[in-house]
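What you see below is based on every heavy atom in this structure, not just the backbone, and it leaves out hydrogens, waters and symmetry mates. Remember, it's 1-based here, ligands and their atoms both numbered in the order they're listed.
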Amino acid sequence: MFNKILIANRGEIACRVAATCKRLGIASVAVYSDADANAKHVSACDEAVHIGGSTAAESYLRVERIIEAARATGAQAVHPGYGFLSENEDFAHACEAAGIVFIGPPVEAIAAMGSKAAAKALMHAAAVPLVPGYHGDDQNTELLHHEADAIGYPVLLKASAGGGGKGMRVVERSEDFPAALASCKREAASSFGNDRVLIEKYLTRPRHVEVQVFADRHGGAVYLFDRDCSVQRRHQKVLEEAPAPGLSAEIKREMGEAAVAAARAVNYVGAGTVEFIMTATGEFYFMEMNTRLQVEHPVTEMITGQDLVEWQLRVAADEPLPLTQEQLKIDGHAIEARIYAEHPARGFLPSTGTLKHLRMPEGVEFVIDAAGLGEPGRKAPVRIDSGVREGDTITPFYDPMIAKLIVHGATREEALARMSRALHACEVVGPHTNVEFLQRIVASEPFATGDLDTGLIERHHDALFAPVKQPFKEALALACAALLTREGGTAHGASPWDALSHWRLNGGYTQTLGWLTIHNSGEKDSVFMVTFARDGGTQTLEHDGVREQFTWSNGSGLHEYRATIGDARATGRVFVDGDTFHVFCLGHALAFEWQNLLAHAADAEGGEGRLTAPMPGKVIAVLVEPGTVVEKGTPLIVMEAMKMEHTIGAPAAGTVTEVLYAVGDQVADGAQLLVLDVQ
Ligand code: ADP
Ligand code: ADP
Ligand code: MG
């Protein structure tokens, strides 16, 4: 076994590999870019080498620089993770030339599977079933068109060198073929530097089912069962599970054996995944082989109790496979959800930013406790693989994955329920995430019943994106509780606003709190008012003209609050970021922005109240209407300029007779905003 290895990757997979190294007593070396100087994977390793600028091309894709780092640190082997250089023949070759072990398959196997077309030719020879299609060398446009016509529409055009869901075109009709071919070739050439294409029958409502295989240098080859990865967006996986639900033992064995045959056909060594596409009636066809560890490998680890990174290291160190086919057993069911910083409602566009608050469900990181594995009773039911910590930034340079959430259960139902609870416990403030979207898929009928196919998200688009009813009132009550706490009040003690005499009314007091709702889209609603009142021991909140009893207290944990409003009650967590209150309650995330009217009013009082705009800007709230009786300092209008808010307070007591601007209006410096009839 090795003493020291270099991990040529970043993020969660680098941390994942480092965890196994630590457990096995192998020293690990991280490499990092400028953007990753303080990244989690750097601290997860024993040593770290800076390899260049922030873009992948300047760092994680620099073959020479990485080999040099391995040499300089005395690493005997390099683990490439996935993505980046993991399926790069030149890199594997360069490692070999430098006398460093590449923890992956032989160069020839990478090359054989690197071209989807060539791989299909090989698989055909090995009697592995293929989707009807054309994968020949002749790329003559007319010939391709003729082949597509013969296969029958719809057909799928794929870039032979493609990956990551790129370079694919569905063609519905013969007359659309020439244009689709031209565009597929263009994308293939620009993304993969090779415009070769292949054509496949486009299966309708297929499932993506794949098989984990492993082979050693001593003639051993096994499959570690199957995974279903049908839930995809843009042909990229979102939720994965093992074993693939609803398949007969016979089909599973046939697929496993076909996958092993595929691996043997290319003299495979190490971890690999053979991807199949499966029809509704259970016919399966070879799609491609990924010659690396797969993102979703943890679900296989969860059901087999094996550490696949350990297997990779052992095989790379020339050891035989740890277990035979007969010794491998499936225990229960596992599901993985990929938590991404992205905007599902905006076509899943990546989102970036600092993770101001990050809370994952209770679970273990990278469960690879050898003692626990294989002993179902001790297996952790929730595993979190994450490459970031609170305070880290999701940059535009790399994959925007925040974490993988993996759950295990004795049955699929148990795993599903656990996944639902785990997703509800995720809290992220900063970038947008797909957490809520994942919750909805997990709760959706087709997913819950295991009615899986690659069109699930698209077909259920309307239901998955329909507006949901959020626990608005409960969240608002929790936000008010957090605000009262922050401003120095306690559940039973004095209010922070006691000192301000103009809020007192007959011995009790009332306080008007201005809030904006911040929508998931980032849009804000106009200010709405909530009136908090205390009269003796009774507290009330008035919202939307309804006054209800209000009680609240601090919960036991950090950021935790309890509140009741009328007969609704909620326990939740409120993360306060400046004047923005992020509320996580009842499985929902809501955000409110506090309009600090009082501070502004106090400012206004300290200076002079006015009726004119102190700067050019936009009206974001009008707090009074004609007929409102105001005291000196009462907030009248809130303006915003240069991202700063400014509240205009009444210069004197009186009655508002006219409001000259509305929310959203742009106002010039010095413009008169309202008319006040001074008492
Ligand atoms: P897998 O097949 O392992 O589940 P995917 O199909 O999601 O992974 O992606 C295919 C490959 O492309 C993986 O190796 C993944 O790491 C890589 N990949 C996907 N998106 C990116 C990205 N934005 N930057 C770098 N690599 C990526
Ligand atoms: P990549 O290298 O980008 O992962 P794949 O060949 O593995 O490309 O295909 C990616 C996804 O595209 C599959 O998981 C599946 O959802 C869909 N797909 C691929 N081939 C077909 C096909 N013949 N019919 C229908 N869908 C397909
Ligand atoms: Mg694929």
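Taking only non-hydrogen atoms, the option from E288, E275, K158, K237 nearest to atom 6 (O) of ligand 2 is K158. When the heavy atoms of E210, R205, K116, Q232 are ranked by distance to atom 11 (C) of ligand 2, first place goes to Q232.
No salt bridge links E275 with K116; every basic N to acidic carboxylate O contact stays at or beyond 4.0 Å.
Evaluation of the side-chain contact (heavy atoms from CB on, under 4.5 Å) rule for V269 yields P106, R217, V315 as partners, not counting sequence neighbours.
The distance criterion of under 3.5 Å between nitrogen or oxygen atoms is not met by I277 with respect to ligand 2.
Here K201 has backbone heavy atoms under 4.0 Å from ligand 2, and that is the only part of it that gets that close.
For the side chain to side chain donor-acceptor pair (under 3.5 Å) criterion with H297, the lone passing option out of Q312, R16, Q212 is R16. With Y202 as the fixed residue, the side chain to side chain contact (heavy atoms under 4.5 Å, CB included) test singles out one of V170, V131, L157, V171: V170.
The G163 neighbourhood of ligand 2 comprises atoms 1 (P), 2 (O), 3 (O), with distances under 4.0 Å to a heavy atom of that residue. Close approach to T454 involves these atoms of ligand 2, each under 4.0 Å from a residue heavy atom: 16 (O).
With hydrogens and angles left out, the side-chain atoms of Y398 and S33 include a donor and acceptor closer than 3.5 Å.
Computed with the Mg ion (ligand 3) at the centre, the E275 OE1 to E288 OE2 angle is 90°, stated to 10 degrees.
Aromatic pair F465/F437: ring centres closer than 6.0 Å.
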